[in-house]
Amino acid sequence: ISEIAQILRVESLLSGSILFVGDQARISLQMMDANSGLMLWSQSYEANQQDLFEMISIQSDIAKHVAQALETEIDQAEQIQISTIPTHSFEAYRYNLAAKVAHFNLDFQQEWELSKLAITLDPTYFDALYTYSSVNTVLIAIPLPGMTSKDHFTKALATAEKMIEVAPAKSEGYSLKALAMATNKDWEAVSGLINHLVQMGTPVSDLKYVALLLMCLGDFEKAIEIYHANLITEPLNLFGRGFLMAALELSGNREQARREYAIGEELSQLWWGDTVNILLALGRHEA
């Protein structure tokens with residue numbers, strides 16, 4: 001436990017097991033303090049895998065108990081988010097989960113195909129729209145066979161606008177729209193969207209896409225602040241850590257950039273930070 005906590009740079013760990021018998025699942029969880037080894041919380045759940053409402057209810061209950069164990073308050077918006085069923089299509093839910101795994105494995109074609117299937121089944125599924133918009137933004141630079149950069153830009157922008165239509169109070173749609181507009185060099189639109197996100201009171205940790213835009217505009221210090229905040233809530237965001245490496249290097253913090261690369265190496269043997277590290281090494285005339 002202490003070794004895992006050290007690698008992830010966390011103070012507490014939630015571990016558990018799942019036993020499957022037919023459609024039934026028994027979930028046993030334990031949350032421990034990594035330093036003392038003390039049990040902070042434990043619970044077992046019985047769930048029907050085919051009952052999406054039951055599965056989401058369990059996730060909500062786990063989130064609330066973890067927050068209590070960490071003495072962290074969940075605000076009203078977060079409470080609504082964790083207790084709301086994201087989609088009534090179990091198939092769409094599974095497709096989107098698989099798309100997220102594909103994203104982590106850098107398989108953008110599979111991520112694109114799976115997230116497209118998810119939103120085909122449920123056109124208002126916010127999380128799947130998020131996945132589809134973000135992967136299309138990535139693919140603007142590396143279009144899929146038979147598609148162009150313009151095709152991916154159009155899809156990224158349209159899906160981000162759909163997110164805003166579905167959930168105007170959430171920040172993610174505005175962030176992804178700003179990112180798409182940046183690829184089209186519409187900096188006036190980008191600036192307006194960033195200002196809107198600030199006026200919404202968006203938490204710093206949720207501005208990871210804005211951080212990339214700030215890097216493009218030369219505001220490395222603010223980008224570093226956002227990436228640091230995001231990696232506290234998403235320690236396995238390997239793309240964010242790679243961009244943090246670049247921002248640190250560009251701001252003159254070379255040793256910190258090296259440390260972030262070392263953390264990324266501990267978390268994943270093959271990750272996008274390897275490419276970033278090669279580019280930084282070339283810039284230092286080390287390769």
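A quick note: this is a predicted structure, and the numbers were derived from the prediction, not measured. The basis for the numbers below is simple: all heavy atoms, side chains too, and nothing from hydrogens, waters or symmetry mates.
- Taking a 6.0 Å sphere around CD of Q68, one finds it holds more than 12 heavy atoms contributed by other residues, nucleotides or ligands.
- Between N237 and K208, the shortest heavy-atom distance links the atoms ND2-CD, 3.8 Å.
- Comment: R254 does not engage E260 in a salt bridge, judged by the lack of any side-chain N to carboxylate O separation of less than 4.0 angstrom.
- The environment of E11 atom CD is sparse: at most 12 non-hydrogen atoms of other residues, nucleotides or ligands sit within 6.0 angstrom.
- In this structure, the side chains of V101 and L97 stay at 4.5 Å or more apart for every pair of heavy atoms.
- Look at R284 and E249 and you find a salt bridge, because one of the NZ, NE, NH1 or NH2 atoms lies within 4.0 Å of a carboxylate O, short of that distance.
- In summary, E113 and K116 do not engage in a salt bridge, as defined by a charged side-chain N under 4.0 Å from a carboxylate O.
- Ring-plane geometry between H65 and W41 is classed as parallel, the angle between the planes falling under 30 degrees on a 0 to 90 degree scale with a further cut at 60.
- Residues G273 and M245 share a closest heavy-atom pair of O-CE, 3.8 Å.
- Taking the six-membered ring for Trp and thresholds of 30 and 60 degrees, W112 and H152 have ring planes more than 60 degrees apart, a perpendicular arrangement.
- Under the 4.5 Å side-chain criterion, counting only non-hydrogen atoms from C-beta, Y93 is in contact with P86.
- Using cut-offs of 30° and 60° on the angle between ring planes, the pair Y261 and W271 is parallel.
- Here L114 sits in one hydrophobic cluster together with Y95, L117, L121; the rule is ILVMFWY side chains under 4.5 Å apart, joined directly or through other members.
- By the 4.5 Å heavy-atom criterion applied to side chains, W272 and L238 are not counted as neighbours.
- The hydrophobic clustering, which links ILVMFWY residues whose side-chain heavy atoms are closer than 4.5 Å, places V10 and L231 together.
- Enclosure of atom CG in L106 by more than 12 non-hydrogen atoms of other residues, nucleotides or ligands within 6.0 angstrom is indicated.
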